[in-house]
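Down below is the structure, laid out as structure tokens.
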Amino acid sequence: MDEQNEIEDSDQYREQRLTNMRQLEELGYSPYGRAYDRSGRLSEIRAAFEEEKVVRAAGRLVTIRKMGKSIFADLSDGSDRFQIYVQKNKLGEEAFTAFKLLDIGDIVGIEGGLFTTRMGESTIGITDWTLLSKSLLPLPEKWHGLKDVDARYRQRYIDLISNPEVREVFNKRTQTVQSIRDFLNSRGFQEVETPMMQPQAGGAAARPFITHYEALDTRMYLRIAPELYLKRLLVGGFDKVYELNRNFRNEGLDRTHNPEFTMLEVYEAYGDRRSMQELIQAMITHVAETVFGSLVFGDGDARIDLTPPWREVTYRDLIVETMGADWYELGLDAARAKAQERDLNIEPDWSHGEITHEVYEKIIERTLVQPTFVTRLPVELIPLARRCEDDETVLDVFELEIGGKEIAPAYTELNDPLEQRARLAEQKGDDAQVEDDDFLTALEYGMPPAGGMGVGIDRLVMLLTGSEAIRDVILFPQLKPRS
RNA sequence: GGGCCGUUAGCUCAGUUGGUCAGAGCACUUGACUUUUAAUCAAGGGGUCCCGGGUUCGAGCCCCGGACGGCCUACCA
């Protein structure tokens with residue numbers, strides 16, 4: 001006997017439910033039923049409530065209150081929770097006896113007339129019922145639900161059954177993604193799908209997942225970004241494209257990182273960083289208004305007001321504001337010392353620019369709670385973006401910060417193949433992106449000037465739903481496997 | 001990866017100084033109850049105290065090691 005069976009055989013709850021199931025079978029009830037015609041979801045039945053109207057519904061029994069010759073129970077179908085009332089003299093002796101053998105968690109189909117109890121609760125007085133699925137395992141406690149964080153993620157289905165607010169977050173996620181697609185489609189953008197398995201992992205700087213493709217006996221990488229393929233499409237003549245799908249990065253897990261995450265990338269030929277700025281401001285306010293019905297999120301210090309226009313500020317101004325007007329004139333040692341005074345960990349070999357960026361990421365970024373476009377980032381940070389016309393040391397880009405987190409970077413895309421080749425080549429260190437020769441060849445055929453942006457969908461949903469952890473907006477977040 | 005904290009019944013949680021400490025509520029079983037809704041009332045069953053060592057007359061509690069989780073921290077977004 002294996003371990004699983006030992007556990008199951010010793011489980012009094014499962015044994016009891018199996019006994020109840022066998023008794024139901026003896027009474028002629030099949031424990032796993034077939035398709036059931038419903039008048040509608042419970043939410044729809046509630047919305048169209050009329051006294052004495054006969055309805056059919058199906059769902060999971062979530063509470064049962066037995067009162068002798070009558071029973072109250074609550075049926076839940078994901079849309080709503082609805083009380084049903086079972087009376088012995090309405091249902092008949094046999095069907096009533098059988099109903100008493102049902103357990104919390106069983107899925108049933110019911111038919112009956114709508115009425116209102118004297119406590120004012122809309123209720124279905126059932127005249128017939130069908131067992132659709134027997135539940136063999138007990139559900140979490142009805143008051144507190146499932147709280148154990150590990151169990152909630154490992155067995156998300158139980159979390160969804162017993163914590164209705166969790167389901168609502170994921171409903172909002174679905175609506176958010178739908179709303180983004182509707183918005184982009186209405187503006188003439190075309191959704192495309194580019195490879196998730198790539199011979200080189202380009203378009204960003206991150207450690208990739210590596211796999212092996214047997215048929216070609218070749219190493220493949222799960223994509224860390226779709227950018228280089230979407231730009232090939234710009235070369236090919238697609239002028240307004242987007243991709244909304246998964247990226248994979250072989251990095252750590254924490255409250256805001258999951259190894260697979262959802263990214264929207266948008267490219268618009270003949271646009272630039274400014275057109276992207278207008279686009280994302282319109283897109284996010286569209287989602288906020290249509291899905292959440294508000295432009296204001298959170299309260300107190302965390303209150304975020306998405307009402308446009310959003311603040312625009314240069315990277316340099318933010319740095320000077322924080323570190324002093326002379327920051328860019330300081331020598332390396334003085335800059336390092338000043339950064340260390342602010343409790344930053346500065347590696348000895350860092351350049352002035354690296355120290356500056358540490359200041360931005362560790363001190364400044366978290367203060368940008370209201371939506372802020374941070375523009376003119378240093379050229380060494382992003383090899384795929386175009387320089388500003390008036391200053392070769394900074395990029396014509398923005399990073400949109402909301403709630404102290406980066407929600408979306410956007411660039412005027414670099415379309416000069418010679419500069420692109422040089423910029424990729426002059427990167428150094430761990431952050432270097434791969435040089436994709438086929439991408440560079442594509443650029444040599446001519447890519448139209450373009451604006452592009454990426455939006456971290458998980459983080460956007462966190463922001464809009466008030467979720468503190470990325471795990472709360474990903475249905476099945478990555479966890480360490482149980483040994 | 002580093003630091004701190006946690007793991008007790010199916011679920012949510014108590015458990016004092018190492019000595020009736022194997023506990024409560026929900027859930028489950030049995031009985032009563034035909035408008036309850038955290039239904040109520042009565043009785044009952046249910047434990048690898050995360051795992052493995054150690055100290056001790058005696059360990060849920062102390063020590064060591066491990067697994068898993070949470071928070072903080074470091075890297076990617």
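Convention: sequence-line order gives letters A, B, ...; per-chain numbering from 1.
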Partner lookup for [N], please. Criteria are Watson-Crick or G-U wobble with both distances under 3.5 angstrom; report none if nothing qualifies.
N: G46(B); result: none
N: G6(B); result: C68(B)
N: G25(B); result: C11(B)
N: U40(B); result: A32(B)

Take the protein atom [atom1] of [X] and the nucleotide atom [atom2] of [N], then report the distance between them rounded to whole Å.
X: Phe72(A); N: U40(B); atom1: CZ; atom2: P; answer: 14 Å
X: Gln12(A); N: G46(B); atom1: CD; atom2: C1'; answer: 4 Å
X: Gln23(A); N: U30(B); atom1: CD; atom2: C1'; answer: 13 Å
X: Leu91(A); N: U35(B); atom1: CG; atom2: C1'; answer: 17 Å
X: Leu344(A); N: A74(B); atom1: CG; atom2: C1'; answer: 14 Å
X: Asp150(A); N: G69(B); atom1: CG; atom2: P; answer: 6 Å
X: Lys66(A); N: C28(B); atom1: NZ; atom2: P; answer: 8 Å
X: Ile161(A); N: C11(B); atom1: CD1; atom2: P; answer: 14 Å

Choosing from [options], which nucleotide comes nearest the side chain of [X]?
X: Arg65(A); options: U36(B), G70(B), C11(B); result: U36(B)
X: Pro138(A); options: C33(B), U12(B), G10(B); result: G10(B)
X: Arg118(A); options: U29(B), U35(B), C11(B); result: U35(B)
X: Ile104(A); options: G70(B), A27(B), U35(B); result: A27(B)
X: Phe115(A); options: U35(B), C11(B), C28(B); result: U35(B)
X: Glu121(A); options: U36(B), U34(B), C11(B); result: U36(B)

Would you say Leu381(A) and Tyr360(A) make side-chain contact, with heavy atoms under 4.5 Å?
no

Q. Do Asp472(A) and Met462(A) come close enough that some side-chain heavy atom pair is under 4.5 Å?
A. no

Side chain to side chain contact (heavy atoms under 4.5 Å, CB included) evaluation trace for Leu400(A) with Trp310(A): CA-CA 9 Å; Leu400(A) 172 61; Trp310(A) 296 343; 3.7 Å; yes

Quiz item: Checking side-chain hydrogen bond (donor to acceptor under 3.5 Å, both in side chains) for the pair Tyr85(A)/Gln83(A): CA distance, chi angles, key distance, verdict?
Solution: CA-CA 7 Å; Tyr85(A) 186 43; Gln83(A) 179 165 271; over 6 Å; no

Separation between the [atom1] atoms of [N] and [M], rounded to whole Å:
N: A39(B); M: A27(B); atom1: C1'; value: 15 Å
N: C5(B); M: A42(B); atom1: C1'; value: 43 Å
N: C62(B); M: U7(B); atom1: P; value: 11 Å
N: U16(B); M: G23(B); atom1: C1'; value: 14 Å
N: G60(B); M: A22(B); atom1: P; value: 9 Å
N: U12(B); M: C50(B); atom1: P; value: 15 Å
N: G25(B); M: G46(B); atom1: C1'; value: 15 Å
N: A59(B); M: G15(B); atom1: C1'; value: 14 Å

N/O-N/O pairs, protein side and nucleotides 1-6 of chain B side, under 3.5 Å:
none

Is the distance from OP1 or OP2 of [N] to the nearest side-chain N or O of [X] less than 4.0 Å?
X: Arg154(A); N: G69(B); value: yes
X: Arg255(A); N: C72(B); value: yes
X: Lys147(A); N: C11(B); value: no

CG (Leu184(A)) and CE (Met283(A)) are apart, to the nearest 0.5 Å, by 6.0 Å

CZ (Phe96(A)) and NZ (Lys90(A)) are apart, to the nearest 0.5 Å, by 12.0 Å

- [ ] Decide yes or no on side chain to side chain contact (heavy atoms under 4.5 Å, CB included) for Glu260(A) and Asn258(A), but give the supporting numbers first.
- [x] CA-CA 5 Å; Glu260(A) 52 181 307; Asn258(A) 194 67; 3.8 Å; yes

Look at all strands and tell whether [X] reaches a base, only sugar-phosphate, or nothing, counting heavy atoms closer than 4.0 Å.
X: Lys90(A); answer: nothing
X: Asn89(A); answer: base
X: Gly145(A); answer: sugar-phosphate

Parallel, tilted or perpendicular for Phe292(A) and Phe297(A), by the 30°/60° rule?
perpendicular

Using the six-membered ring of [Y], assess whether NZ or CZ of [X] lies under 6.0 Å from its centre and within 45 degrees of the ring axis.
X: Arg46(A); Y: Phe49(A); answer: no
X: Arg249(A); Y: Phe261(A); answer: no
X: Lys231(A); Y: Phe439(A); answer: no

Is there a side-chain hydrogen bond (donor to acceptor under 3.5 Å, both in side chains) between Arg173(A) and Thr262(A)? Walk through the geometry before answering.
CA-CA 11 Å; Arg173(A) 180 179 177 127; Thr262(A) 301; 3.2 Å; yes

Ranking Asp103(A) and Ala73(A) by the position along RNA chain B of their nearest nucleotide, the one closer to 5' is Asp103(A)

Quick one: which protein N/O atoms are closer than 3.5 Å to N/O atoms of nucleotides 75-77 of chain B? Pair and distance per line, please.
from: C75(B); atom 1: OP2; to: Lys362(A); atom 2: NZ; distance (Å): 3.3
from: C75(B); atom 1: N4; to: Asp254(A); atom 2: OD2; distance (Å): 3.0
from: C76(B); atom 1: O3'; to: Ala205(A); atom 2: O; distance (Å): 3.3
from: C76(B); atom 1: N3; to: His257(A); atom 2: NE2; distance (Å): 3.1
from: C76(B); atom 1: N4; to: Asp254(A); atom 2: OD2; distance (Å): 3.1
from: C76(B); atom 1: N4; to: His257(A); atom 2: ND1; distance (Å): 2.4
from: C76(B); atom 1: N4; to: His257(A); atom 2: NE2; distance (Å): 2.8
from: A77(B); atom 1: O5'; to: Arg249(A); atom 2: NH1; distance (Å): 3.3
from: A77(B); atom 1: O3'; to: Glu406(A); atom 2: OE1; distance (Å): 3.4
from: A77(B); atom 1: O3'; to: Arg459(A); atom 2: NH1; distance (Å): 3.3
from: A77(B); atom 1: O2'; to: His257(A); atom 2: NE2; distance (Å): 3.3
from: A77(B); atom 1: O2'; to: Arg459(A); atom 2: NH1; distance (Å): 2.9
from: A77(B); atom 1: O2'; to: Arg459(A); atom 2: NH2; distance (Å): 2.8
from: A77(B); atom 1: N6; to: Asn258(A); atom 2: O; distance (Å): 2.5
from: A77(B); atom 1: N1; to: Asn258(A); atom 2: O; distance (Å): 3.4
from: A77(B); atom 1: N3; to: Arg459(A); atom 2: NH2; distance (Å): 3.4

**OP:** Classify the side chain of Thr63(A) and the base of U37(B) as holding, or not holding, a donor-acceptor pair under 3.5 Å.
**Re:** no

